[in-house]
Amino acid sequence: MSNKYRTHNCNELRKEHVGSNIVLSGWINKKRDHGNLLFIDLRDNYGITQCIIDKENSNFKELEKIQLETVIKIEGKVVNRSNETINKEIKTGEIEVGIKKYKVLGTCKELPLPVFSDQEYAEEIRLKYRFLDLRRKKIHENIILRSEVISFIRNEMSKLGFLEFQTPILTSSSPEGARDFLVPSRLNPGKFYALPQAPQQFKQLIMVSGFDRYFQIAPCFRDEDARADRSPGEFYQLDLEMSFVEQEDVFSVVEELLVSTFKKFSSKKLLFNKFPKITYKEAMLKYGSDKPDLRNPLIIFDITEIFSRKDVSFEIFKKLVKTGSMVRCIVTKNTKDKPRSFFDNIDNWAKDQGASGLAYFTLEKEKELLAKGPIGKFFSKDSLEEIMKLTGAEIGDSVFLACSKQKDLEKITSLARDKIAQELDLIDNEIFAFCWVIDYPMFERDEITNKIEFSHNPFSMPQGEIEKINFSKPLDILAYQYDIVCNGVELSSGAIRNHIPELMYKLFSVAGYSEKIVNEKFSGMINALSYGAPPHGGIAPGIDRIVMLLANEKNIREVTMFPMNQNAQDLMMNAPSNVSDKQLKELNISLKSKK
RNA sequence: GGGGGUGUAGCUCAGUUGGUUAGAGCGAUCGCCUGUCACGCGAUAGGUCGAGGGUUCGAGUCCCUUCACUCCCGCCA
């Protein structure tokens with residue numbers, strides 16, 4: 001493409017263009033002014049071309065004064081660079097453009113943050129001037145990567161026989177799950193739409209409508225507090241759903257897709273091409289978390305039984321165990337020679353995390369097996385042998401122990417597993433370790449209210465033969481509910497859905513919802529399921545997190561073009577903002593207090 | 001809602017035990033410089049030390065309150 005702005009882009013010119021007259025347009029990335037000779041690095045989306053002008057040219061004085069990031073058009077001639085002046089860092093580094101004429105296309109004020117630098121800047125300023133920030137190399141490339149990943153996924157999904165559909169953005173609020181974003185309805189005063197937390201019900205309705213395989217790069221809106229890996233407001237999922245499938249069918253589609261995506265867009269190795277399956281229960285025991293980082297070789301062991309032995313005299317733990325606490329431990333290989341500070345640092349760190357600390361000892365053999373460390377003396381030789389049997393620990397290894405009630409114990413051992421692995425540098429940053437976490441429980445008991453609640457998704461299919469499910473023991477019911485985890489990041493969750501209305505009423509009644517309420521809140525769904533629904537299931541991998549892993553970023557805002565800050569404000573667009581009284585009146589809304 | 005961290009020039013940061021007129025690099029402005037690619041050299045401008053209060057002869061520094069940003073917990077079916 002050649003027009004009045006350019007004959008080439010800023011990454012196109014090579015040796016073979018030497019001698020030709022060309023037109024380039026772009027931003028002034030950097031100037032190097034030698035007084036009688038001026039270098040200008042002209043930048044566009046594609047790259048950088050060095051342009052040069054000297055005092056013989058009448059434009060020289062003006063160009064010397066021009067601000068960085070001004071958009072200009074340059075007419076000139078491609079010239080060869082001598083060997084010593086070739087720049088191998090850029091693709092156009094063998095040539096430069098001798099400037100004949102130039103024109104300013106867009107002026108630029110003094111910059112609030114430099115564009116050409118690789119330095120890190122405060123997010124507040126980056127988000128306020130996001131359009132400048134996005135010109136910077138790294139984030140510019142991240143956003144391009146995101147585009148390429150999405151278009152690759154679209155293409156793959158299409159090849160796999162999935163059809164892409166859009167679903168409504170204005171929908172109804174649902175009682176389960178996260179806090180909704182609400183939108184007042186002008187035509188229905190006092191009533192509200194909700195933005196979808198996910199197209200969950202719609203995608204099931206698509207299956208009931210007879211479309212066999214659906215996908216969508218779907219925006220999801222949840223009004224919850226932010227984290228580094230969680231944008232406030234909105235995020236994107238690769239939402240997909242399939243009819244007449246079992247869990248394994250969903251797994252094989254998603255594995256194929258993720259393996260090809262990660263192989264295409266990253267040089268890091270996949271630890272498993274076939275993702276291992278870990279049950280929820282096993283994950284909580286061995287890793288203390290339902291999003292285990294399998295790059296980390298450390299495993300948590302339950303050794304509660306040791307503390308009912310007579311030859312163990314660690315009374316603090318023994319007393320706690322009698323009142324229902326458990327003891328779990330992490331074994332580190334060959335750490336007997338680590339300095340005392342290593343152990344104490346971890347102990348102190350655990351205290352900072354709100355735990356009572358991490359007790360530890362090291363297994364050593366002098367005349368006979370013994371435990372060294374502050375609590376070593378409380379363990380007999382036999383009890384140590386039993387611990388070694390339970391955990392696979394060997395002489396020279398150290399054992400870190402925590403004692404608490406199950407939930408706190410899981411949390412602290414999970415954190416400790418990460419912390420200790422970091423301290424010992426056990427995590428290989430150059431791999432992706434995927435796994436499935438399966439067999440989630442259908443229900444859980446709320447610790448505060450003591451009520452039975454859905455633990456994940458109320459629309460999931462319970463496991464086992466439907467006639468034989470024991471609803472009087474709801475906590476034992478498992479669901480066909482699954483997550484994909486990669487490097488400790490929860491990438492997606494999905495389920496085989498419950499397509500049988502009677503069964504759904506039963507499950508909802510366990511969680512305290514009457515048939516009437518279910519009919520009211522999920523009328524669309526429950527009604528649809530009563531008119532011939534196919535068995536179906538799906539999953540929804542998070543696009544932002546996938547790109548985050550591929551771009552090797554720890555913060556989701558580094559792969560999001562226009563993110564909000566932690567307080568869900570858009571500093572560039574000034575959202576949220578006040579609205580006029582007229583708007584409020586139309587919506588039949590009055591504010592309690594106005595600022 | 002709770003805990004941690006940060007806040008000093010347009011940007012990135014330094015600032016000792018509380019002690020004179022708060023510094024550096026980049027950027028800006030002006031001058032010098034024809035082969036740089038983080039060009040170099042010289043000069044100038046630029047500060048409510050986040051805000052408010054307190055202690056003190058004296059506060060960027062100590063104390064209290066508060067605000068903003070960020071990380072974490074809660075929350076996120």
Side-chain angles (χ1 to χ4, degrees), chain A residues 29-43 48-57 60 64-65 67-69 79 81-90 92-93 96 98 108-129 132-133 174-180 197-198 200-201 220-233 235 291 352-354 408 411-412 415 440-444 446-448 453-460 479 481 483 490 493-495 508 511 522 540 542 554-555 557 565-567 569 571:
Chain A
N29 192 59
K30 198 81 181 90
K31 286 189 300 183
R32 289 173 296 282
D33 187 355
H34 291 235
N36 294 314
L37 177 72
L38 173 67
F39 296 99
I40 290 180
D41 289 340
L42 197 68
R43 184 196 74 239
I48 285 179
T49 302
Q50 174 167 286
C51 303
I52 184 165
I53 188 168
D54 68 18
K55 65 174 176 189
E56 304 304 318
N57 189 305
F60 179 76
E64 232 185 347
K65 298 289 171 221
Q67 273 273 2
L68 296 185
E69 293 306 309
V79 291
R81 290 207 209 181
S82 64
N83 276 337
E84 4 17 300
T85 60
I86 284 173
N87 182 354
K88 286 178 183 149
E89 303 292 310
I90 55 174
T92 59
E96 60 196 8
C108 181
K109 299 200 284 186
E110 189 178 339
L111 294 165
L113 78 151
V115 169
F116 75 92
S117 150
D118 290 332
Q119 218 178 318
E120 303 221 6
Y121 297 95
E123 280 210 293
E124 196 171 358
I125 198 107
R126 292 181 57 196
L127 293 184
K128 185 166 178 192
Y129 296 95
L132 290 178
D133 189 37
S174 76
E176 286 289 318
R179 202 176 290 113
D180 283 319
Q197 296 184 19
Q200 179 63 38
Q201 293 191 57
C220 303
F221 305 90
R222 296 177 192 175
D223 187 4
E224 297 294 345
D225 289 353
R227 289 287 183 280
D229 66 349
R230 204 166 79 201
S231 276
F235 61 96
K291 39 181 183 178
D352 284 343
Q353 299 302 309
D408 290 337
K411 189 184 276 173
I412 190 62
L415 290 171
Y440 276 80
M442 191 83 212
F443 299 100
E444 64 188 6
D446 186 293
E447 281 198 327
I448 299 157
E453 296 185 333
F454 288 107
S455 68
H456 243 71
N457 183 327
F459 304 121
S460 297
Q481 167 87 45
D483 276 12
E490 185 190 323
S493 64
F508 268 101
F522 306 104
K554 288 199 167 59
N555 194 304
R557 293 184 294 276
N565 71 5
Q566 194 163 45
N567 293 321
Q569 297 159 340
L571 300 174

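Residue numbers start from 1 in every chain, and the chains themselves are labelled A, B, ... in the order their sequence lines are given, proteins ahead of strands.
For B:C71, the OP1/OP2 oxygens have a side-chain nitrogen or oxygen of A:Q566 closer than 4.0 Å. For B:U36, neither phosphate oxygen OP1 nor OP2 lies less than 4.0 angstrom from any side-chain nitrogen or oxygen of A:N87. Note on A:R557: a side-chain N or O is less than 4.0 Å away from OP1 or OP2 of B:C71. In this model, the phosphate group of B:C39 is approached by a side-chain N or O of A:R32 to a distance below 4.0 Å at OP1 or OP2. The side chain of A:Q569 places no N or O atom within less than 4.0 Å of a non-bridging phosphate oxygen (OP1 or OP2) of B:A68.
For the pair A:E224 and A:R179, the salt-bridge criterion is met [side-chain N within less than 4.0 Å of a carboxylate O]. Under 4.0 Å is where a charged nitrogen must lie from a carboxylate oxygen, and between A:K30 and A:E69 no such pair does.
Toward the 5' end of RNA chain B, the nearer of the two residues A:E96 and A:K411, judged by each one's closest nucleotide, is A:E96.
For the P atoms, the distance from B:G5 to B:G58 is 30 Å, rounded to whole Å. Taking atom P on both nucleotides, B:G54 is separated from B:U70 by 32 Å, rounded to a whole Å. A gap of 23 Å separates the P atoms of B:C64 and B:C69, to the nearest Å. Separating the C1' atom of B:U8 from that of B:G60 is a span of 7 Å, rounded to the nearest Å.
Contact annotation: side chain of A:Q50 to base of B:U36, donor-acceptor pair present below 3.5 Å. A donor-acceptor contact under 3.5 Å links the side chain of A:R230 to the base of B:C75. Side-chain to base pairing of A:R81 with B:C37: one donor and one acceptor N or O lie within less than 3.5 Å of each other.
A:T92 is linked by a side chain to side chain donor-acceptor pair (under 3.5 Å) to nothing, counting only residues two or more places apart in sequence or in another chain. Under the side-chain contact (heavy atoms from CB on, under 4.5 Å) criterion, A:Q569 pairs with A:N565, A:N567, A:L571, A:P576, not counting sequence neighbours. Taking A:Q566 as the reference, nothing meets the side chain to side chain donor-acceptor pair (under 3.5 Å) condition, with sequence neighbours excluded. For the salt bridge (charged side-chain N to carboxylate O under 4.0 Å, His left out) test, no residue two or more places apart in sequence or in another chain qualifies with A:R222. Taking the salt bridge (charged side-chain N to carboxylate O under 4.0 Å, His left out) definition, one finds that A:E123 meets it with A:R557, sequence neighbours left out. With sequence neighbours excluded, the residues satisfying side-chain contact (heavy atoms from CB on, under 4.5 Å) with A:L132 are A:L111, A:P112, A:L113, A:V115, A:Y129, A:R135. Scanning for side-chain contact (heavy atoms from CB on, under 4.5 Å) contacts around A:D229 gives A:R227, A:R545, A:M548, with sequence neighbours left out.
You'll find that the side chain of A:N555 is closest to B:C71, out of B:G35, B:C11, B:C71. Checked against B:C75, B:A68, B:C37, the side chain of A:T85 finds its nearest nucleotide in B:C37. Here B:G74 is the nucleotide among B:C71, B:C69, B:G74 with the atom lying nearest to any side-chain atom of A:R227. Of the listed nucleotides (B:C75, B:U70, B:C72), B:U70 has the atom at the smallest distance from the side chain of A:N565.
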Q | Reading 5' to 3' through nucleotides 22-34 of chain B, protein heavy-atom contacts under 4.0 Å coded B for base, S for sugar-phosphate only, - for none | A | -----BS--S-BB
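Residue A:S455 is in sugar-phosphate contact alone, with no base atom involved, counting any heavy-atom pair closer than 4.0 Å across all strands shown. Within the 4.0 angstrom heavy-atom criterion, only backbone atoms of the sugar-phosphate kind lie near A:P112; the bases stay farther away.
Side chains of A:Y440 and A:D483: a donor on one and an acceptor on the other come within 3.5 Å.
In RNA chain B, runs of at least 3 stacked Watson-Crick or G-U pairs (N1-N3 plus N6-O4 or O6-N4, or N1-O2 plus O6-N3, all under 3.5 Å) give these stems: B:1-7 with B:67-73, B:10-13 with B:23-26, B:28-32 with B:40-44, B:50-54 with B:62-66.
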